[in-house]
Protein chains: 2
Amino acid sequence: MGITTEEKILTAAREVFTKKGYAAARMQEIADAANINKGLLHYYFRSKENLFRAVFDKAFPKFAHQINDIFESDLPLFEKIEAFVNKYIDILIQNPYLPAFVLNELNTNPEEFVKDLLSRREKPNPMKLIMQVKMEMEAGNIKPVDPIHLAINVISMSVFPFIGRPMIQGLFQIDDAAYLQFMNARKKAITEFVINALRKD
Amino acid sequence: MGITTEEKILTAAREVFTKKGYAAARMQEIADAANINKGLLHYYFRSKENLFRAVFDKAFPKFAHQINDIFESDLPLFEKIEAFVNKYIDILIQNPYLPAFVLNELNTNPEEFVKDLLSRREKPNPMKLIMQVKMEMEAGNIKPVDPIHLAINVISMSVFPFIGRPMIQGLFQIDDAAYLQFMNARKKAITEFVINALRKD
DNA sequence: GTCTATAGGTAGATAGAC
DNA sequence: GTCTATCTACCTATAGAC
């Protein structure tokens with residue numbers, strides 16, 4: 001069989017943890033989603049917390065690596081921002097569970113979770129982007145801007161629509177089918193917005 | 001006594017629900033935080049869900065009202081955006097629990113929660129702001145931009161740093177004391193960023 | 001109104017047959 | 001490895017004394 005039980009569990013767990021959050025997720029529900037018995041969850045992962053960690057540890061490094069590839073590339077600033085936004089939103093489209101997942105943990109035990117995250121070998125590191133912004137600014141090529149606020153602006157605009165998705169869909173009357181299209185359109189909207197804010201005339 | 005037991009419960013519940021999320025919050029913990037007995041929680045609010053609703057129903061209308069005052073004001077566009085960002089961030093500084101609170105519910109039962117939210121008499125309604133953006137754009141006063149994306153951009157940049165606070169503090173090495181200062185500085189950073197992106201030269 | 005004690009239900013984890 | 005059955009712990013909610 002190409003797909004192992006362990007993989008089935010990880011996939012099902014990812015779905016349920018995403019939808020419910022860690023505390024509200026039920027081992028029974030994960031077992032049902034994986035079409036296996038609850039006992040098997042413990043056979044493979046011993047505890048709920050272990051299972052959660054396994055899910056997260058599988059997803060996070062992939063994410064961090066793709067992002068850092070862009071941060072550390074030699075692209076000119078505007079192209080780098082465009083590449084970052086495109087990649088970031090693509091990742092989130094393919095893993096819509098990720099932000100809620102992270103945010104949930106971030107709120108239940110912030111210091112421990114962040115400490116663990118930042119101690120990893122592969123973690124998002126926007127410092128090279130921030131230095132690049134500083135250089136362009138000092139060279140007078142872009143309007144003056146605080147690079148940290150800029151970085152947070154870009155990340156905020158990219159991530160938030162995934163976290164607040166149901167709210168946005170409700171407020172602006174966007175149905176499920178249109179949301180994918182909407183998020184793809186956002187890539188260009190964000191990039192142009194940021195470039196307009198930075199470009200000197 | 002100026003502070004009733006009911007108020008003590010509501011305050012304690014707000015804290016615990018915020019910190020733990022609905023599912024992980026324990027009635028015992030709320031009782032402890034309020035310095036009262038667990039039985040009293042049920043005497044006053046009958047169930048955990050009722051208590052949660054009471055906490056939320058107390059906070060939400062205040063929030064929505066203040067925001068709508070700005071949306072519906074007659075301020076010119078740039079000033080309205082500035083007023084919105086200032087007010088929004090001020091509210092979140094004073095109620096840092098709110099975003100996590102909303103987001104948590106948003107992820108556990110999205111459709112029901114959003115439906116309830118949007119059925120309320122007082123709810124955030126950005127439509128007037130969006131119409132105003134359309135008008136300024138058609139009059140050629142600002143650069144072309146999709147008003148919905150713009151609205152989401154502004155909201156994203158304001159809210160996200162509160163949701164992702166521990167992450168941002170970790171990534172950029174901002175300690176607790178400096179974070180308030182940082183969020184206050186963000187008001188101006190966001191406003192200027194948006195105006196730069198929109199202003200024609 | 002406030003407390004203690006406990007009922008009732010559910011979820012995570014384990015044991016043991018196959 | 002996979003299943004069923006069960007244990008144990010905990011949490012919401014209630015009952016009842018004061």
Side-chain angles (χ1 to χ4, degrees), chain A residues 1-59 97 100-101 104-105 107-109 112-113 116, chain B residues 1-58 97 100-101 104-105 107-110 112-113 116:
Chain A
M1 182 135 107
I3 191 165
T4 66
T5 300
E6 188 170 341
E7 285 167 334
K8 277 202 297 186
I9 293 175
L10 283 171
T11 303
R14 201 184 63 184
E15 280 168 21
V16 176
F17 279 135
T18 298
K19 231 170 68 185
K20 300 293 181 74
Y22 179 79
R26 298 288 160 245
M27 294 296 265
Q28 183 60 60
E29 194 176 348
I30 294 171
D32 292 347
N35 265 311
I36 52 109
N37 190 276
K38 198 167 55 140
L40 269 189
L41 297 182
H42 290 92
Y43 175 79
Y44 279 98
F45 296 96
R46 224 180 71 246
S47 75
K48 186 183 180 182
E49 193 166 327
N50 269 341
L51 177 54
F52 181 83
R53 279 296 286 264
V55 171
F56 187 76
D57 288 351
K58 197 182 162 196
Y97 61 91
F101 205 77
N104 191 61
E105 280 317 279
N107 279 307
T108 35
N109 42 33
E112 197 185 341
F113 182 70
D116 168 78
Chain B
M1 182 137 107
I3 191 165
T4 65
T5 300
E6 189 171 339
E7 285 167 335
K8 278 202 296 186
I9 293 175
L10 283 171
T11 303
R14 199 185 64 184
E15 280 168 21
V16 176
F17 279 136
T18 298
K19 230 169 69 184
K20 300 293 183 71
Y22 179 81
R26 296 291 160 242
M27 293 297 264
Q28 184 61 60
E29 195 176 349
I30 294 172
D32 292 347
N35 265 312
I36 51 110
N37 191 275
K38 200 170 53 145
L40 270 188
L41 297 182
H42 290 91
Y43 175 79
Y44 279 99
F45 296 96
R46 225 181 69 247
S47 75
K48 186 184 180 183
E49 193 167 327
N50 269 341
L51 177 54
F52 181 84
R53 279 298 286 265
V55 171
F56 187 76
D57 288 351
K58 198 182 161 195
Y97 62 90
F101 205 78
N104 192 61
E105 280 318 279
N107 279 306
T108 36
N109 42 33
E112 196 185 342
F113 182 70
D116 168 78

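Sequence lines set the chain letters: A, B, ... in the order given, protein chains first and strands last, and positions in each chain run from 1. Nothing here was measured: the structure is a model prediction, and the numbers come from that model.
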Output yes when at least one side-chain N/O atom of His42(B) is less than 4.0 Å from OP1 or OP2 of dT14(D), else no.
no
Below 4.0 angstrom from OP1 or OP2 of dT12(D), is there any side-chain N or O of Ser47(B)?
no
Starting the side chain at C-beta, find the nucleotide from [options] nearest to [X].
{"X": "Tyr44(A)", "options": "dT14(D), dG1(C), dT2(D)", "value": "dT2(D)"}
{"X": "Arg26(B)", "options": "dT12(D), dA13(C), dT2(D)", "value": "dT12(D)"}
{"X": "Leu40(B)", "options": "dG1(D), dT2(C), dA13(C)", "value": "dT2(C)"}
{"X": "Lys48(A)", "options": "dA13(C), dA13(D), dT2(D)", "value": "dA13(C)"}

Working to the nearest 0.5 angstrom, can you tell me the gap between [X] [atom1] and [Y] [atom2]?
{"X": "Ile30(B)", "Y": "Thr11(B)", "atom1": "CD1", "atom2": "OG1", "value": "11.5 Å"}
{"X": "Leu41(B)", "Y": "Ile9(B)", "atom1": "CG", "atom2": "CD1", "value": "5.0 Å"}
{"X": "Ile36(B)", "Y": "Tyr43(B)", "atom1": "CD1", "atom2": "OH", "value": "12.5 Å"}

If you assign each of Tyr43(A) and Tyr43(B) to its closest nucleotide in DNA chain C, which residue comes earlier from the 5' end?
Tyr43(B)
How many Å lie between [atom1] on [X] and [atom2] on [N], as a whole number?
{"X": "Arg46(B)", "N": "dA15(D)", "atom1": "CZ", "atom2": "P", "value": "13 Å"}
{"X": "Leu41(A)", "N": "dA13(C)", "atom1": "CG", "atom2": "C1'", "value": "11 Å"}
{"X": "Lys20(A)", "N": "dG12(C)", "atom1": "NZ", "atom2": "P", "value": "11 Å"}
{"X": "Glu29(B)", "N": "dC11(D)", "atom1": "CD", "atom2": "P", "value": "10 Å"}
{"X": "Asn37(B)", "N": "dC18(D)", "atom1": "CG", "atom2": "P", "value": "16 Å"}
{"X": "Phe52(B)", "N": "dT12(D)", "atom1": "CZ", "atom2": "P", "value": "14 Å"}
{"X": "Lys38(B)", "N": "dA5(C)", "atom1": "NZ", "atom2": "C1'", "value": "10 Å"}
{"X": "Asp32(A)", "N": "dG12(C)", "atom1": "CG", "atom2": "P", "value": "12 Å"}

On the 0 to 90° scale, with breaks at 30° and 60°, tag the Tyr22(A)-Phe17(A) ring pair as parallel, tilted or perpendicular.
parallel
Name the nucleic acid region contacted by Ala31(A), choosing base, sugar-phosphate or nothing; use a 4.0 angstrom heavy-atom cut-off, strictly under.
nothing
Please determine whether the number of non-hydrogen atoms from other residues, nucleotides or ligands lying under 6.0 Å from atom CD of Glu7(A) exceeds 12.
yes
